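Notes for the one structure printed next.
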Amino acid sequence: MLEIERNVHTFLGCDGDYASSDLVLFGAPFDSTTSFRPGTRFASAAMRNESFGIETYSPYQDRDLSEIAVFDGGDLELPFGAPDAALEQIERFTDGILTDGKIPCMIGGEHLVTLGAVRAAVRKYSDLHIIHFDAHADLRMDYLGVQLSHACVLRRCHELVGDGHIHQFGIRSGDGEEFAFAKAHTHMHRFNFQGLEETVERLQGAPVYFTLDLDVLDPSDFCGTGTPEAGGVHFAELLDAVRQVMGLKPVAMDINELSPHYDQSGASTALACKLLREIMLYRLA
């Protein structure tokens, strides 16, 4: 008789069981409020498919995904076109992971999905800080009259964590009101990661949520996104910045805004997979 293993579609090396895993990976395939080009709902599935094109071993860290315990919980089945309901589902799922003493790591999806996870994290950690890598400020009060939009996600997060608890890096796009709001209420570092070392030093011991919008990268490195912005950072810079943030041992984190079909070469998806590998290894170092 043939011995056939059960078909479990996981991100490469993330096949631990839930009970013994320290980190829980899951997808939030939602892009109903995308303001320009949609497609981020396909990111988590594409990353699982393409992850088998990279090694479990990281030459950057001399460590292997097989050495850490990660459970891939699959994708949430989110109601398309209903951001309130989708955010509630993400919040419940993230809350369950945190209650079990584990680290949630979410693959978006558009950036709005971050709000659901932050709602759960701030309920457990009242002094939560958010470190935000992005090309866009995401601080609009509303976008076309809608307050639940990926263009407003950090503004909604600010309403939860308050002044001085959002630390933004790589920002190079937004309207004037967003930059004025940031000057008064967040710590915004434009264009690159200058100031990150000082921020990490200042936040030692504080609970941190890390949200990484992949369009912080320059389109020459990463064109597979719905809102590309010229003038971004490059992979080596981002990897070093991620290493610094992971030293804070974030209580929860996400990676978002990959739209795989805008890069038919697959290079953007491969980059996202490699970056996720490094994030998980750094976090569980």
Side-chain angles (χ1 to χ4, degrees), residues 60 105-106 108 110-115 117-118 121 128-140 150-158 160-204 206-222 225 227-258 268 271-272 274-276 278-279 282-283:
Y60 303 97
C105 182
M106 177 172 61
E110 61 166 79
H111 210 161
L112 181 63
V113 299
T114 296
L115 179 59
V118 167
L128 187 73
H129 287 257
I130 298 172
I131 293 183
H132 169 219
F133 291 178
D134 203 331
H136 307 92
D138 290 349
L139 289 170
R140 294 174 187 258
H150 76 151
C152 310
V153 60
L154 268 295
R155 187 67 167 260
R156 301 287 84 79
C157 288
H158 173 266
L160 298 173
V161 301
D163 284 359
H165 281 241
I166 295 178
H167 312 268
Q168 302 179 280
F169 294 87
I171 310 300
R172 56 190 186 275
S173 179
D175 67 17
E177 189 275 334
E178 290 180 90
F179 283 90
F181 181 87
K183 187 175 293 186
H185 301 285
T186 79
H187 300 290
M188 181 186 283
H189 305 261
R190 305 184 190 192
F191 310 122
N192 53 40
F193 299 118
Q194 287 186 4
L196 180 60
E197 185 176 350
E198 293 80 6
T199 298
V200 168
E201 184 176 345
R202 190 167 65 251
L203 293 183
Q204 291 293 330
V208 168
Y209 185 103
F210 176 51
T211 179
L212 168 56
D213 186 327
L214 289 161
D215 65 31
V216 71
L217 287 158
D218 191 80
S220 62
D221 281 24
F222 186 82
T225 187
T227 48
E229 290 285 348
V233 302
H234 296 289
F235 178 77
E237 298 171 82
L238 177 56
L239 184 59
D240 183 66
V242 164
R243 176 190 60 78
Q244 293 183 61
V245 173
M246 288 301 109
L248 291 171
K249 301 298 182 186
V251 299
M253 51 201 182
D254 68 62
I255 182 171
N256 60 74
E257 294 285 358
L258 165 69
S268 294
L271 184 154
K274 190 171 184 178
L275 198 56
L276 180 57
E278 299 304 316
I279 286 171
Y282 277 131
R283 178 57 184 85

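Nothing here was measured: the structure is a model prediction, and the numbers come from that model. FYI, the numbering just counts along the sequence from 1.
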Nearest heavy-atom pair of [X] and [Y]: which atoms, and what distance?
X: Gln168; Y: Ala182; value: OE1-CB, 4.2 Å
X: Arg283; Y: Pro250; value: NE-O, 2.8 Å
X: Asp218; Y: Ala230; value: OD1-C, 3.9 Å
X: Ala184; Y: Asp163; value: O-OD2, 4.3 Å
X: Leu258; Y: Ala272; value: CD2-CB, 4.1 Å
X: Ala137; Y: His132; value: O-CE1, 3.8 Å

Does any non-hydrogen side-chain atom of [Y] lie less than 4.5 Å from one of [X]?
X: Cys105; Y: Leu276; value: yes
X: Tyr282; Y: Val245; value: no
X: Tyr60; Y: Lys274; value: yes
X: Thr225; Y: Ser268; value: no
X: Thr199; Y: His189; value: yes
X: Leu139; Y: Met188; value: yes

Under the side-chain hydrogen bond (donor to acceptor under 3.5 Å, both in side chains) test, residues paired with Asp221 that sit two or more places apart: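 Asp221 satisfies side-chain hydrogen bond (donor to acceptor under 3.5 Å, both in side chains) with His234 once adjacent residues are dropped.
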With sequence neighbours excluded, residues passing side-chain hydrogen bond (donor to acceptor under 3.5 Å, both in side chains) with Arg172: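 Partners of Arg172 under the side-chain hydrogen bond (donor to acceptor under 3.5 Å, both in side chains) test: none.
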Trace of the side-chain hydrogen bond (donor to acceptor under 3.5 Å, both in side chains) decision for Thr186 with His158: CA-CA 8 Å; Thr186 79; His158 173 266; over 6 Å; no
Straight-line distance of [X] [atom1] to [Y] [atom2], nearest 0.5 Å:
X: Ile171; Y: Asn192; atom1: CD1; atom2: CG; answer: 11.0 Å
X: Ile279; Y: Met253; atom1: CD1; atom2: CE; answer: 6.5 Å
X: Glu229; Y: Leu217; atom1: CD; atom2: CG; answer: 13.0 Å
X: Ile131; Y: Tyr209; atom1: CD1; atom2: OH; answer: 12.5 Å
X: Leu238; Y: Leu214; atom1: CG; atom2: CG; answer: 7.5 Å
X: Leu275; Y: Ile255; atom1: CG; atom2: CD1; answer: 4.5 Å

Evaluation steps, side chain to side chain contact (heavy atoms under 4.5 Å, CB included), between Val242 and Glu278: CA-CA 8 Å; Val242 164; Glu278 299 304 316; 5.6 Å; no
Val161/Ile130 under side chain to side chain contact (heavy atoms under 4.5 Å, CB included): CA gap, chis, key distance, verdict: CA-CA 8 Å; Val161 301; Ile130 298 172; 4.2 Å; yes
Under the 3.5 angstrom rule, does the side chain of [X] hit a backbone N or O of [Y] as a donor-acceptor pair?
X: Arg140; Y: Arg155; answer: no
X: Asp215; Y: Ala135; answer: yes
X: Glu257; Y: His111; answer: yes

For Gln244, all residues meeting side chain to side chain contact (heavy atoms under 4.5 Å, CB included), sequence neighbours excluded: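 Side chain to side chain contact (heavy atoms under 4.5 Å, CB included) check on Gln244 returns Leu196, Glu197, Val200, Asp240.
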Side chain to side chain contact (heavy atoms under 4.5 Å, CB included) partners for Pro219, two or more places apart: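 Expected list: Pro228.
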More than 12 heavy atoms from other groups under 6.0 Å of CD on Gln204: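 Atom CD in Gln204 is packed in, count exceeds 12.
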Whether over 12 other heavy atoms sit under 6.0 Å from Glu201 CD: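 Result for CD/Glu201: open.
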With sequence neighbours excluded, residues passing ring pair (Phe, Tyr, Trp, His ring centres under 6.0 Å) with His129: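 Here the qualifying residues are His165, His167.
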With Phe193 via ring pair (Phe, Tyr, Trp, His ring centres under 6.0 Å) - residues at least two apart: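 If we apply the ring pair (Phe, Tyr, Trp, His ring centres under 6.0 Å) test to Phe193, skipping adjacent residues, the hits are Phe133.
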side-chain contact (heavy atoms from CB on, under 4.5 Å) partner of Leu128, the single match among Val208, Val251, Ile166, Leu160: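 The single option meeting the side-chain contact (heavy atoms from CB on, under 4.5 Å) with Leu128 is Val251.
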